[in-house]
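To keep things clear, I will list the structure first and then write my remarks on it.
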Number of protein chains: 2
Amino acid sequence: MSQTVFGKIARERVSDRVAAEILRLITSGDLPPGEKLPAERQLAEMMKVSRVSIRAALQRLQGQGFVSAVQGGGTRVVSATGDTEPALTELVRIDRSNLHDLAEIRSNLEVWAARRAAENARPKHLEEMAASLEAMASPERDAHERALDDVAFHLAVARASGSAVYLHILTVIRDILTEMLDYHRYELFGTPEDDAAVLAQHRAIFDAIEAQDASGAAEAMDRHLSWVLEHYRTPEGAAAPASRSDAAE
Amino acid sequence: MSQTVFGKIARERVSDRVAAEILRLITSGDLPPGEKLPAERQLAEMMKVSRVSIRAALQRLQGQGFVSAVQGGGTRVVSATGDTEPALTELVRIDRSNLHDLAEIRSNLEVWAARRAAENARPKHLEEMAASLEAMASPERDAHERALDDVAFHLAVARASGSAVYLHILTVIRDILTEMLDYHRYELFGTPEDDAAVLAQHRAIFDAIEAQDASGAAEAMDRHLSWVLEHYRTPEGAAAPASRSDAAE
DNA sequence: TAGGTTGAATTGGTATTACCTTTAGACCGC
DNA sequence: GCGGTCTAAAGGTAATACCAATTCAACCTA
């Protein structure tokens, strides 16, 4: 039991050697992101292995987020660091109803964050929120800019909460939501009345946070998100928050 | 250019469909970590696709860290969340106060899940919960086993919520909490009175879910977690829930 | 000539078949 | 029991053929 002298044998698959070699070229910078690597048939011949092994290696590298293959197009390097958070994204991609859950969970977290923000907000955070409110109130902002202001406000609240963990989780969720919504080409629209309502709700949240009224802030945020979810609910229901509600805020 | 009649075709790789299906089984809990999945040849026949496609799917899942294959041995599930959260783990490792935030966020999510569970629970989920309750009530269970029963109950609620997204996020958070707490060698203890109180609270949650009382379930869960957080709060405050509250439940 | 169209070459994706290497369990003899 | 052997099963590799999407240059039309 105490014979630690014996490590496990190297035992390496051919496809592992291939993957290691390609990965080495990627991380060393020889194959920068965007670069198209040789065709599978060429790689197979160059490395003197079967195409099966080449494909096995590339499949794993795809799973790790280093490369991306398009039928007929080729295989390209997409990242030198490898993305790892495709799990949640994949989950949502599989079943659209998960998108609704995710939006709901996010709402929950935002309410929690509002409470925390009321307790912890510092002057610079309040300034940040005020700035985005002012920008959003400006009449010459178009719909797109307004959406960005919207995001900025919610981000300011997140920062004011003083929780790095929350900021991280929220960012992950937001990325997924925007990616999925962009993918489905959702447009962000709102009537002037809607914009006014959103602005008023934001102001209520801000006032409560500024007054360090934790419960009030939580309630205001809850009202706001409920309004958004309700207001932009789509007929089919499942993909309800398919609107600015999630893409923007 | 304005021919919007033609949406883009579903075009999906066979191996993607296979990977999605397997991933669904993993994230839903049907294939828990450690479980060995059917042989490639069997999967190929069951899904009516070639072994090549099965392997392509498994290679990608390996790259994502969900499964692990060894020649001659088989393919096993190693994680239900993949390689997702290294960033979040690092965040917590750097600043212990983040641990408290994470525990608080988890509480929030559990309350939400309890509400959802009351709305969606199916017989098998109720049975699962009842089983863990019964086990926990048994006098001959020691502290360690009791903690496992505790986890089982909360996991059953999570599954009953019917939200794969929630199950995923909760698992990630739980893994981080247990890892961090185990790392600091926290012991899980509780007086018999405490155990009785926890059991009673679990029963209350179960009853509400069984009665499909969403608000009641949410309140019961909230009371339970508040009690746990309060009861096991440590003097230093920051890492407050450093006890069975997070490691176990 | 400019610009769109076509079509063959290229490239990744899937299927089929065959064989090798390792693992795991049954079996057997000492 | 203990160790060894045998064997069926599982994953890994190879070779070949064909499918499907993309690319791009030759081609054709206005």
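Owing to the predicted nature of the structure, the values given are computational and were not obtained by experimental measurement. Every chain is numbered from 1 and lettered A, B, ... according to where its sequence line falls, protein lines coming before strand lines.
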Going by atom type alone, with no hydrogens or angles, which donor-acceptor pairs under 3.5 Å involve a side-chain atom of residues 30-37 of chain A and a protein atom two or more places apart or on another chain?
unit_1  : atom_1 : unit_2  : atom_2 : d
A:Asp30 : OD2    : A:Ser28 : OG     : 3.2

Spell out protein contact along nucleotides 10-15 of chain D as letters: B when the base is contacted, S when just the sugar-phosphate is, - when no protein heavy atom is under 4.0 Å; keep the 5' to 3' order.
-> BBBBB-
A:Met136 and A:Asp150 have their tightest heavy-atom pair at CE-OD2, 3.9 Å
Please state how far atom CZ in A:Arg76 lies from atom C1' in C:dT10, giving the value in whole angstrom units.
-> 14 Å
Cut-off 3.5 Å, side chains only: do B:Ser163 and B:Arg116 have a donor facing an acceptor?
-> no
Could you check B:Glu127 against B:Lys124 for salt bridge (Lys or Arg N to Asp or Glu O under 4.0 Å), going step by step and ending with a plain yes or no?
-> CA-CA 5 Å; B:Glu127 287 170 19; B:Lys124 72 170 182 178; over 6 Å; no
Over 60° means perpendicular and under 30° means parallel, so classify the ring planes of B:Phe153 and B:His202, tilted if in between.
-> parallel
